[in-house]
There are 2 protein chains.
Amino acid sequence: MVTEFTGGGDPRRSLELLWGVRDAARRGPKPRLTTEDVVRGAIALADAEGLQAFSMRKVAEALGVSPMALYTYVPSKAELIEVMIDRAWGEVPLADQAPGDWRARLETKARQDWEHMQRHPWMLQIAAHRPPLGPNIARRYESAFRIVDHLGLTDVEMENVIALVDNYVRGAVRVVVEASEVEARSGIDDREWWMSRSPVLAELITPDQFPTATRVGDSCRDFHEVEAKRPQNFEFGLQRVLDGVAAFVAARHDAKV
Amino acid sequence: MVTEFTGGGDPRRSLELLWGVRDAARRGPKPRLTTEDVVRGAIALADAEGLQAFSMRKVAEALGVSPMALYTYVPSKAELIEVMIDRAWGEVPLADQAPGDWRARLETKARQDWEHMQRHPWMLQIAAHRPPLGPNIARRYESAFRIVDHLGLTDVEMENVIALVDNYVRGAVRVVVEASEVEARSGIDDREWWMSRSPVLAELITPDQFPTATRVGDSCRDFHEVEAKRPQNFEFGLQRVLDGVAAFVAARHDAKV
DNA sequence: CTTCTCTTCGTACACTGTACGTACTTATTG
DNA sequence: CAATAAGTACGTACAGTGTACGAAGAGAAG
């Protein structure tokens, strides 16, 4: 899993790419593809084949085009992924009008993000810092801030809250994605992995030296289906995070009254 | 930034590597290095040169050895990083005996982790799922669980709480690391980056279409020194997370009484 | 037509991790 | 001591990556 970095290229070009404002070609042979074709093909490939199969050469092959031809439409791999990300967010509804109060809406948004990023694991490939500021992501920012607007928080606090929830979701998704990546790549699932090293580990991590860790470890592993309980773990963390935010909001509110 | 995956190799070999139980060589030429030399050199290199300069060839060069010679001591790059990680955690004190109650101790641990991972950004390179179960990490697990032991939580809940805090810290560190990576690699700092695209963005993300986002964005950017306020942002999120955990602990406690 | 501007894409480069096979070195064994 | 076996050491090579560069060709504008 590779985190890509942008920022090298021409800023105007990048933004035009994201917003789809591209003056039609005037001269020369007509392009046989559009940027949107490339993005669509790339998304399809990345979804289908997984992260490790996603390379510029593979995208080109899937489109029936030579590798270098892609660079006519897209300045680099990182910027291609940026556009992919922005486009993919377009599928997800906005949560600022979802039913319930701000907390219910934040929950809705978090769950949407959680599911969406699992569906498109390549979303984690772009550094969260300096996100691709395309139309869909701009809309999502607007929507997110609206959820926590008018709660008595300062703008900076609002930003912090949104970043906190986003950070939580991204981290949780990352664990899931890494888990399935590691399985796909090594062909060894978690159970086998654990079984293969538990006898050796049992000699190294002994209950008398690590009483608490071994106890907790055993309790957690007694639960069958680590995968099945992932949503519950996600939900647990989400509730704790939102409880913390709620306490903060309540304190701000009381202070005002 | 690349996330490496292990799990391919012989489990016994991996664990012996981590725990340093390696039967001395019996025959053949005496190894001119030890695994520990390789690990030390690799850590020094990774700390000094940054993530992008960290490759097996560079490590070998730094040690004055041919690239392939490393594979005598270490089965793969991923497993080398695993050992590096375990060794590096050895520097950080354990927090279960830190002053204060469980919350103060969790705070201490979170801050230690936060600082330590910033000092050693390559720590984020190994998938958090299936962590390297070496002696130092085992000790840290034991210590972490002791902090939240005897609070009335079930073992699974304890695990969830520790995972939640850890997830938060890792995410926060990731943002910082990615930020400095992107600067080092592109030579463009955040201010320049923003300045170069804000004129174009101003035409695309307009206050009438995105009133809340533009307002919040402006407020956040008014603060000089995004970097300088990172610790504050970290602290903000950490307090919210811990507030959430505290509420949960309190609820469990009340339920019992 | 000529000229200019664009798309297209073959070749090539620098880089990665590491599989494989060979040569060498030494401790153990006969 | 000589033979053997078990190691280490490492050169070469491969498959893969993103993409720089430049040449070739296509179509519109003058």
Side-chain angles (χ1 to χ4, degrees), chain A residues 1-10 13 16 22-35 37-38 42 45-46 49-61 63-82 84 122 125-126 185-186, chain B residues 1-10 13 16 22-35 37-38 42 45-46 49-61 63-82 84 122 125-126 185-186:
Chain A
M1 184 162 174
V2 180
T3 307
E4 313 273 349
F5 301 98
T6 331
D10 174 24
R13 175 97 164 81
E16 280 173 353
R22 186 137 151 288
D23 34 7
R26 296 173 197 297
R27 304 205 182 170
K30 290 194 174 136
R32 64 167 66 170
L33 298 171
T34 65
T35 304
D37 290 334
V38 174
L45 181 75
E49 303 276 341
L51 276 177
Q52 72 254 21
F54 186 73
S55 71
M56 293 302 263
R57 284 173 160 87
K58 295 256 177 66
V59 174
E61 196 182 356
L63 289 166
V65 160
S66 91
M68 288 316 289
L70 295 182
Y71 286 86
T72 322
Y73 305 99
V74 146
S76 75
K77 187 188 185 187
E79 306 208 51
L80 169 58
I81 301 180
E82 290 199 345
M84 290 164 66
W122 39 268
Q125 267 185 112
I126 289 289
R185 191 175 291 225
S186 67
Chain B
M1 184 162 175
V2 181
T3 308
E4 313 274 348
F5 301 99
T6 331
D10 174 24
R13 174 97 163 82
E16 280 172 353
R22 187 137 151 287
D23 33 9
R26 295 173 198 295
R27 303 200 183 173
K30 290 194 174 136
R32 66 166 64 169
L33 298 172
T34 65
T35 304
D37 290 333
V38 173
L45 181 75
E49 304 275 342
L51 276 178
Q52 73 255 20
F54 186 73
S55 71
M56 293 302 265
R57 283 173 160 87
K58 295 255 176 67
V59 174
E61 197 182 354
L63 290 166
V65 160
S66 92
M68 287 315 288
L70 295 182
Y71 286 86
T72 323
Y73 304 100
V74 145
S76 76
K77 186 188 184 186
E79 306 207 52
L80 169 58
I81 301 180
E82 289 199 346
M84 290 165 65
W122 39 267
Q125 267 185 112
I126 290 289
R185 192 175 291 224
S186 66

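A, B, ... follow the sequence lines: proteins, then strands. Residue 1 opens every chain.
One can place CZ of B:Arg32 at 11 Å from P of C:dT26, the figure rounded to the nearest angstrom. Nucleotide C:dG17 holds its C1' atom 11 Å from the CD1 atom of B:Ile81, rounded to whole Å. Here C:dG17 presents its P atom at 15 Å from CD of B:Glu79, a figure rounded to the nearest Å.
Looking at B:Leu63 and B:Leu70, their side chains come closer than 4.5 Å, going by heavy atoms from C-beta outward. Here the side chains of A:Phe54 and A:Ile81 are in contact, with some heavy-atom distance below 4.5 Å.
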Under a 4.0 Å heavy-atom criterion, the protein footprint on nucleotides 15-22 of chain D, written with B, S and -, is --BBBBB-
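Scored by the side-chain contact (heavy atoms from CB on, under 4.5 Å) test, A:Ser76 finds A:Ala78, A:Glu79 as partners (sequence neighbours excluded). For A:Glu49, the side-chain contact (heavy atoms from CB on, under 4.5 Å) test picks out A:Leu45, A:Ala53, with sequence neighbours left out. Partners of A:Ser66 under the side chain to side chain donor-acceptor pair (under 3.5 Å) rule, at least two apart in sequence or in another chain, do not exist in this structure.
Sorted by first then second residue, the salt bridge (Lys or Arg N to Asp or Glu O under 4.0 Å) pairs that include residues 64-78 of chain B, not counting sequence neighbours, are B:Glu4-B:Lys77.
At the phosphate of C:dT7, neither OP1 nor OP2 sits under 4.0 Å from any side-chain N or O atom of A:Tyr73.
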